[in-house]
Every structure is written in C-alpha cells, then in structure tokens.
Amino acid sequence: MAAENKDNTLMEKLSALCKRRGFIFQSSEIYGGINGFWDYGPLGVELKRNVKNAWWEDVVRRRDDIVGLDCSIIMNPKVWEASGHVGGFNDPMVDCKECKARFRVDKVFTVVIRDKNDGIILTAVVEADDEQSALQEARRSANSKTRRKFANTKDDLSETVLRTDELSKDEVCPCPKCGGELTEPRQFNLMFKSHAGASEDSASVVYLRPETAQGIFANFKNVLDTSRLKLPFGIAQIGKAFRNEINPRNYTFRSREFEQMEIEFFCRADEADKWYEYWRDARFQWYIDHGLKSEKLRLRNHETDELAHYARACADVEYEFPFGVSELEGIANRTDYDLKAHQEASGRDMTYFDDETRERFIPYVIEPSGGVDRAVLAFLCEAYTEDEQPDDKGKMQSRVVMKFHPRIAPIKVAVFPLVKKEGMPEVARKIHAACRDAGLASFYDEKGAIGRRYRRQDEAGTPLCVTVDGQTIEDDTVTIRDRDSLLQQRIAAGDVVSFVQERIS
RNA sequence: GCGGGCGUAGCUCAGUGGUAGAGCGUCACGUUGCCAACGUGAAUGUCGUGAGUUCGAAUCUCAUCGCCCGCUCCA
C-alpha cells in the first residue's frame, strides 16, 4: 500500500513537471480538456521526435532490408472489413445494475433444464465461452438434490441454452454473479467514424485507422514492385492511429489518438520462427540501449491460449510504470493471415515469386509494433530522478533531474555566460551558434544566477552545460558540466562541439 | 460504463456562506560571480463549466467536463 501511494506520487510529480517545463499538456485545456487526448509542448515534441528519429534511423536508414512508408490515415473502409476490425471491434456489452459487473453479451447464457413433463428442474445464468461450457457450468452449479434428479431422469431431459441477446424482450436475464438486473446491451464502437465528402450518408462512412499496419499490407505489392527488394525484407511506418478506448487512463499511456512505430517484416514461412526471435530480442535490446533499465523492462512471451487468432507467437516488451507493468511494444508472428485476407477481399494477387526456388507463395510476417507515446512515457518515468546536491554554501538541497539518454534528450547542450557582462555573452553566443551549426540542439541562457540555470537544464534533461567565465576571455577555455555527476572540466572553447558530439553518441 | 476521491495563480496547496490567499516559479532593476543566492518592485485568478438556493456562493444543491484510484475493457 505504501509503495502504491509512493508510485502515485511519482506519476503526479512527473505530470506536474511535464506541464511546468513544457513536455506534455492536456489537449484543449482552455476548454476543460478532452478525455484521452494530449499535446506535446516545446520540450516534449523534441523528446518524441528524437525517439521516432532514433527508431527510424536504426530500423530503416541503417539497414538494407527495410524501407519506409507513410500511408494515409483514412483508407477505403473495405480495408477494415478485410482486417476484421469492422466486425471484431464492436463487442456489445451488458452491465449489472446491482453489482456493476460487465459482461460481453455473447458470453452470458441462460440455461433451462426440463424433465419430460416440461417441469423445470434447473434454471441458471452463467458466464461462459460457448453453449457447451455454459451447460456444464450450469450443471456444476446445481445443488445435490437437483443433481440426483439429473441422475434419475438421465435421458428424458430437455436442455435450452440461450445467449443473452437471443432472449425475447420480456424475458429477463439476471446477472450471473449476483442475480441483479442487467442493462440493455450497449454497442462499443472502438473505431473512430467519419465521412469522406460533404454528404453524411452511409455510403460515405470512413474510419480513422486503428493501426498503421494495414496500410503496409495494402501497399505490400506497390513496395515489392518498386523497391527491388527480395525476401526477407521489411516495411516500416510511423504514424497516428485512433481508438475509441472505453476508458483512457494513466496519463498518456492509453490515449484515443496515439502514434505507432511499426515494422512488417516479410519472410518465408520456414524462416518465420527465426525472424520472430530475432526481432523480439532486437526490439527488447533497443529499449535497454536507450536508457530503460532491464529490471523495469521485461520481455513476456504470450501463452498459447493468450494469442490472437491471427498470431502464431507473440511477445510483449513491458515496462514497470508507477501505475503497473504495461506493454510498450508487441512482437508477433502474424503468419500469412493479413496478406491472405487482403488477397481474398480485394481479389488482388499478394504472392511473392522466389526466382531461385521457382516458388510462388504468400509470405509470413513478423510484426514489431511499438507505441511512440508509450515509449516516451517510459523514458520520462525512467528519467525522473530526485537526488541531493550541495548548494553554494555546501548545504544539501534536493534536485529534480531528468536523466534522459543523450540520444533522446530534447536539448543536448546549454551555453551560459557566467555573468551578463565583460564580453562573456558574446563569446557564449558564438559557442551556441557553433553547436547549432553542427546540428546540436543547443540552448542559450544568460538570465539569473548560474546555479539556477544549471538546475533548470537538469529538469529539461540537458546532458551538458557549457559556461563562459572570466578565464575564457584570457585563455579561450570554458567549463563543461555533466548533468548526472555535476562534475566540471575545463576544455578549449573550440573543442566544445566535438566534445559534446562524442559524449552524446 | 459503474463506484469513490479531487478540481482555487504557471506549479504545490490553504481558504466551509460575507474584501481572493501563501510558498515556490516567472519578469524587471540592483547586487553577486560556478550549482534552486540576496534585496526591491511587478505581473498573473471565468475559484473547471453551467444552472439553482440565498440579501450574498470558492464554500450549499443539481447537472456537466476533466484528472486520480478501484472495477471493467485492452482487437
């Protein structure tokens, strides 16, 4: 309990810092906000962009076997019928008005068992996956007297099993848990709907994509025909996706508008297991390499009964957030399910022809699918650190520092004149300009006390601070200060750019 | 969607029917000269929003929006 309170405090402190320093704002805040939508401020957009750029650099630019793609958010609605999203994203649910339990309509069954004279021996309402298990569950729940009746009248029983949504209006189905009254079934439309064109009739209905993956599958042939790639190869995409989450929670973790970074890596069926393991391990390592400590980061292989119908294997990269362990990225072996589905639905050929073996087949696909916003949130949680550092009188003061990995830090280096006179600002501005010209995100600040400026950069997570002082004017050296250790060393002003570049790479 | 808690300055919060507050932060000037310095001054509020009760509402009532926790959900 104590630990939970502490963790809640951490999330509150983090979200307060994110607002105070301009990482994350609530969307439409001046109008009271909107549930499940978030904005990234000046520091947040740099952080998020750095995360996306690092991913793109590592999975596209530095590889010969993966190419990029940027699809439209709105696609022909037939895409979502073929992918199963139109059917599978709409589960009607009922709630119990008494005990507040919620059930999927198609998982609640009413079981009636009668003898040959039509006398009712047992009625029961149970939660089960199908009719068969509903009947078993109902028989199991019967008391001993009823069970004896079962035994005595073995072959003359008539059994009726009805799903909740198959009952007629006047038949009331009570709650399987407490016997309370259930609400009318309610539809949950998890895809955002809109209309393409000005007329809002049913023919114009379109959906905002709930995942970026389908755009890749839909373009499989286009990429194959234009890129001269051979199996195995991948197509990568970063982009927004939209899901009408029933209950957005946990800061930006479960948002209704979010960004995905996905690879669909196509390969031969007999090599799918090998590539699945390759990507699972590579993607796990990527998060470690960018600062997530492995004791908070986990790789969890899904149990067989946990797998989605289209997946042969799946693993989640999970992170221990203050609010619990949650998924950052899923790596799945989706087999040839998606391309097959689109081949059937569109009537277009989705096969690959292997010149060497003279075989024609639909490739398997390994999908590493990560949430950009979730990665950013994990990096924020991991970076947030409070420590004790001495002030100018040697007294220990608490300090908040965002210990970002240098590659994702919004600002790489801050340049200060120790004081705003004696030519120091001019020298500092030159160093600042040199950093910028070298492509470094540099920040110049000459206002207020030097200690305060350092601490401000600590909250922004800037790895290095350069200070121009009186000695700079004499011998052209500056101090450079490390965010985590607070250690300073003196280097030549002309070496600042190369020093910073070496330290952040 | 249900239940509970919360919503007052940029941030953290005090204020239980009678003049809108504190600390921190921000800005300016001076001083200072390497880790949240000091002094002086300044700016910043639809008290989440909308109705109602009342002579009078930040405060009481209702609705609504948002945030947090639990349940639920998580293709």
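What you see is a predicted model, and the numbers here were worked out from it, not measured in a lab.
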Distance, [atom1] atom - from [M] to [N], rounded to whole angstrom:
N: B:C2; M: B:U49; atom1: C1'; result: 24 Å
N: B:U19; M: B:U59; atom1: P; result: 14 Å
N: B:G1; M: B:C11; atom1: P; result: 27 Å
N: B:G30; M: B:G17; atom1: P; result: 49 Å
N: B:A20; M: B:U44; atom1: P; result: 16 Å
N: B:G48; M: B:A58; atom1: P; result: 10 Å
N: B:U46; M: B:C55; atom1: P; result: 29 Å
N: B:C74; M: B:A63; atom1: P; result: 30 Å

Nucleotide paired to [N] in any strand shown, Watson-Crick or G-U, under 3.5 Å:
N: B:C2; value: B:G70
N: B:C35; value: none
N: B:G7; value: B:C65
N: B:U59; value: none
N: B:A42; value: B:U26
N: B:U19; value: none

Derivation of the side chain to side chain contact (heavy atoms under 4.5 Å, CB included) call for A:Lys412 and A:Thr462: CA-CA 5 Å; A:Lys412 308 302 185 199; A:Thr462 307; over 6 Å; no
message: By nearest heavy atom, map A:Glu29 and A:Glu327 onto RNA chain B; which one lands nearer the 5' end?
response: A:Glu29
Could you check whether [X] gets within reach of a base, just the sugar-phosphate, or nothing at all, counting any heavy atom under 4.0 Å?
X: A:Phe416; value: nothing
X: A:Leu17; value: nothing
X: A:Gly41; value: nothing

- request: Give a yes/no on whether any side-chain N or O of A:Asn35 is located under 4.0 angstrom from OP1 or OP2 of B:C67.
  value: yes
- prompt: If only side-chain N and O atoms of A:Asn244 are considered, is one of them under 4.0 Å from the OP1 or OP2 phosphate oxygen of B:C73?
  reply: no
Rounded to whole angstrom units, what separation is found between the [atom1] atom of [X] and the [atom2] atom of [N]?
X: A:Arg453; N: B:C27; atom1: CZ; atom2: P; result: 12 Å
X: A:Lys19; N: B:G48; atom1: NZ; atom2: C1'; result: 11 Å
X: A:Gln457; N: B:C34; atom1: CD; atom2: P; result: 19 Å

- prompt: Does the gap between the ring centers of A:Phe321 and A:Tyr319 come in under 6.0 Å?
  reply: yes
- request: Give a yes or no on whether a salt bridge exists between A:Asp273 and A:Arg312, defined as a side-chain N under 4.0 angstrom from a carboxylate O.
  value: no
Anything under 3.5 Å between a donor and an acceptor, one on a side chain of residues 41-48 of chain A, the other on a protein residue two or more places apart or in another chain? List them.
residue: A:Lys48; atom: NZ; partner: A:Glu259; partner atom: OE1; Å: 2.9
residue: A:Lys48; atom: NZ; partner: A:Asp373; partner atom: OD2; Å: 3.1

Taking distance alone, no hydrogens or angles, what donor-acceptor pairs closer than 3.5 Å link side-chain atoms of residues 445-453 of chain A to residues at least two apart or in another chain?
residue: A:Asp445; atom: OD1; partner: A:Lys447; partner atom: N; Å: 3.1
residue: A:Glu446; atom: OE1; partner: A:Tyr444; partner atom: OH; Å: 2.7
residue: A:Arg453; atom: NE; partner: A:Lys447; partner atom: O; Å: 3.3
residue: A:Arg453; atom: NE; partner: A:Gly448; partner atom: O; Å: 3.2
residue: A:Arg453; atom: NH1; partner: A:Pro417; partner atom: O; Å: 2.8
residue: A:Arg453; atom: NH1; partner: A:Asp445; partner atom: O; Å: 3.1
residue: A:Arg453; atom: NH2; partner: A:Pro417; partner atom: O; Å: 3.4
residue: A:Arg453; atom: NH2; partner: A:Leu418; partner atom: O; Å: 3.2
residue: A:Arg453; atom: NH2; partner: A:Gly448; partner atom: O; Å: 3.0

- line: Side-chain contact check for A:Arg490: nearest option of B:C34, B:A28, B:C67 is B:C34
- prompt: From the list B:G3, B:C67, B:C74, which nucleotide is the closest neighbour of the side chain of A:Arg254?
  reply: B:C74
Side-chain atoms of residues 422-434 of chain A: list all donor-acceptor pairs with protein atoms under 3.5 Å, sequence neighbours left out, distances to 0.1 Å.
residue: A:His432; atom: ND1; partner: A:Ser442; partner atom: OG; Å: 2.7
residue: A:His432; atom: NE2; partner: A:Arg436; partner atom: NE; Å: 3.4
residue: A:His432; atom: NE2; partner: A:Arg436; partner atom: NH2; Å: 3.4

Residue list, ring-ring contact (aromatic ring centres under 6.0 Å, His included) with A:Tyr364, at least two apart or on another chain: none
query: Taking the six-membered ring for Trp, are A:Trp80 and A:His85 parallel (under 30°), tilted (30 to 60°) or perpendicular (over 60°)?
result: perpendicular
Please tabulate the protein-to-nucleotide N/O contacts below 3.5 Å involving nucleotides 35-43 of chain B, giving atom names and distances.
residue: B:C35; atom: O2'; partner: A:Pro390; partner atom: O; Å: 2.9
residue: B:C35; atom: O2'; partner: A:Arg455; partner atom: NH2; Å: 2.8
residue: B:C35; atom: O2; partner: A:Arg481; partner atom: NH2; Å: 3.1
residue: B:C35; atom: N3; partner: A:Arg481; partner atom: NE; Å: 2.9
residue: B:C35; atom: N3; partner: A:Arg481; partner atom: NH2; Å: 3.4
residue: B:C35; atom: N4; partner: A:Arg481; partner atom: NE; Å: 3.3
residue: B:C35; atom: N4; partner: A:Leu486; partner atom: O; Å: 3.0
residue: B:A36; atom: OP1; partner: A:Asp392; partner atom: N; Å: 3.4
residue: B:A36; atom: O3'; partner: A:Arg452; partner atom: NH2; Å: 3.3
residue: B:A36; atom: N7; partner: A:Ser398; partner atom: O; Å: 3.4
residue: B:A36; atom: N6; partner: A:Glu459; partner atom: OE2; Å: 3.4
residue: B:A37; atom: OP1; partner: A:Arg452; partner atom: NH2; Å: 2.4

field: Residues in side chain to side chain donor-acceptor pair (under 3.5 Å) contact with A:Lys240, at least two apart in sequence or another chain
entry: A:Glu257
